[in-house]
Q: 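Got a structure for you, written out below as structure tokens; questions coming shortly.
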There are 2 protein chains.
Amino acid sequence: MRFSSQREAILSYIRGVQSHPTALDIHASVKKSFPSLSLGTVYRNLNQLLEHHLITAIKQDEVVHYDGNISDHQHFRCKNCDSIIDLEFPVRDIVLEHGPRFGHEIHAYELYMTGICKNCKNETK
Amino acid sequence: MRFSSQREAILSYIRGVQSHPTALDIHASVKKSFPSLSLGTVYRNLNQLLEHHLITAIKQDEVVHYDGNISDHQHFRCKNCDSIIDLEFPVRDIVLEHGPRFGHEIHAYELYMTGICKNCKNETK
DNA sequence: TCATAAACAGTAATTATTCCTACTTATCAA
DNA sequence: TTGATAAGTAGGAATAATTACTGTTTATGA
């Protein structure tokens, strides 16, 4: 995989934010420094970066969100403000403990939660 | 919510299979007994059934899959044969145990796994 | 420096899902 | 049992996220 300046800009943008941006978000932001950046290029690069495991995708929503944090963690989406928040649960442990008895080869897992985030909960009080 | 014959046919089809069908699958199958059934009707009913918690949706794939089993369970998708298999992990326990310390109100959770299923693993041996 | 494979921009195409409209049907009160 | 009406349906148009295509540009290794 080559590293074009567009690709680097896209990757460093994703790595630099906590917000789990969508392809459109990424396009809008990176376009500021690359005015000619096309949306197709964003998608192509996202797929390349995914294939090389440099980023991950969150697909539970209608739109795909991307995450530059590739450490083992989970996601929580607030139904009120729609933000996606990183959380850490010991999912790996229960997958390793209970997984083997089903007989399948489990390569990856993902725990996704929804509800009302701390901020929204306090605001409505 | 009224119960039209189409709606009943769609629900009983989903409840009667283990395969986690897509809207197209459901349309194709239920159309055999309701030749005039339109795809729009299938989608509208799926959304109604979801709202009333009579079915659940699996959104990790490119296409949405539907599940008539509303008990607490998890899903595993085989990357080889693409089938989705029900599994039971004690996810509820770790969400109840570790969830509260983050301060968010967790309403729902979903653990999704991918890998190679038992059958495909044995076939390639 | 050059050859070439990969990447790019721009645009067209695809596809799952939703929306819209006119018609039909289930339900419930009189 | 009959009407009124709100909900449901079929069929097709519209939407929107994503992918594919084309001709041009650029990164990389020899």
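So you know, we letter chains A, B, ... as the sequences are listed, proteins then strands, and number each from 1.
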Q: Verify the contact: side-chain N or O of Arg44(B) to OP1 or OP2 of dG8(D), cut-off strictly under 4.0 Å; return yes or no.
A: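 False: Arg44(B) side-chain N/O out of range (4.0 Å or more) of dG8(D) OP1/OP2.
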
Q: I want to verify a distance call: between dA9(C), dT9(D), dT18(D), whose nearest atom is closest to the Ser38(A) side chain?
A: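 Between dA9(C), dT9(D), dT18(D), the one nearest the side chain of Ser38(A) would be dA9(C).
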
Q: Quick one: does any side-chain atom of His104(B) pair with a main-chain N or O of Ile116(A) as donor and acceptor, under 3.5 Å?
A: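 Flag not set: sc His104(B) to bb Ile116(A) has no pair under 3.5 Å.
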
Q: Check whether any side-chain N or O of Arg7(A) sits under 4.0 Å from OP1 or OP2 of dA7(C), and answer yes or no.
A: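 So the side-chain polar atoms of Arg7(A) do come within 4.0 Å of the phosphate oxygens OP1 or OP2 of dA7(C), strictly under.
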
Q: Of the options dA10(D), dT18(D), dA6(C), whose atoms approach the side-chain atoms of Arg2(A) most closely?
A: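 Nearest to the side-chain atoms of Arg2(A), counting from C-beta on, is dA6(C).
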
Q: Counting heavy atoms not belonging to Gln18(B), are there more than 12 under 6.0 Å from its CD?
A: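 No, not enclosed.
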
Q: Base, sugar-phosphate, or nothing: which does Glu62(B) touch, judged by heavy atoms less than 4.0 Å apart?
A: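 Nothing, no nucleic acid heavy atom in range.
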
Q: I'd like to know whether His53(B) forms a side chain to side chain donor-acceptor pair (under 3.5 Å) with Glu51(B), so could you lay out the CA-CA distance, the side-chain angles of the two residues, the decisive distance to 0.1 Å, and finally the verdict.
A: CA-CA 5 Å; His53(B) 303 103; Glu51(B) 268 182 40; over 6 Å; no

Q: Mind listing the closest non-hydrogen atom pair of Gln48(A) and Arg7(A) along with its distance?
A: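 Shortest heavy-atom contact: CG-NH2, 3.7 Å.
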
Q: Between the protein and nucleotides 28-30 of chain C, which nitrogen or oxygen pairs are less than 3.5 angstrom apart?
A:
none

Q: When you measure from every atom of DNA chain C, which of residues 11-21 of chain A have a heavy atom less than 4.0 Å away?
A: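 None, since no heavy atom is under 4.0 Å.
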
Q: Ignoring the backbone of Leu24(B), work out which of dT18(D), dA7(C), dA16(C) is nearest its side chain.
A: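 Of all the options, the side chain of Leu24(B) is nearest to dA16(C).
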
Q: What contact category does Phe3(B) fall into here, base, sugar-phosphate, or nothing, at under 4.0 angstrom with non-hydrogen atoms?
A: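 Counting heavy atoms under 4.0 Å across all strands, no contact is made by Phe3(B).
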
Q: Check Asp86(A), Asp25(A), Asn69(A), Thr56(A) against His20(A) for a side chain to side chain donor-acceptor pair (under 3.5 Å) and give me the one that passes.
A: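 One option only clears the test, and that one is Asp86(A).
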
Q: As a test of reading the structure: which of dT19(D), dT17(C), dG8(D) is closest to the side chain of Ser4(B), going by heavy atoms?
A: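 Comparing dT19(D), dT17(C), dG8(D) against the side chain of Ser4(B), the answer is dG8(D).
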
Q: Checking contacts here: which listed nucleotide (dC8(C), dA26(C), dT17(C)) is nearest the side-chain heavy atoms of Asn45(A)?
A: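 For Asn45(A), the side-chain atoms sit closest to dC8(C).
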
Q: Could you check which of dA9(C), dA17(D), dT17(C) has an atom nearest any side-chain atom of Val63(A)?
A: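 Out of dA9(C), dA17(D), dT17(C), the nucleotide with an atom closest to Val63(A)'s side chain is dA17(D).
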
Q: Look at the side chain of Leu39(A) and decide which nucleotide, out of dA10(D), dT18(D), dG10(C), has an atom nearest to it.
A: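 Looking only at heavy atoms from C-beta outward on Leu39(A), the closest nucleotide is dT18(D).
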
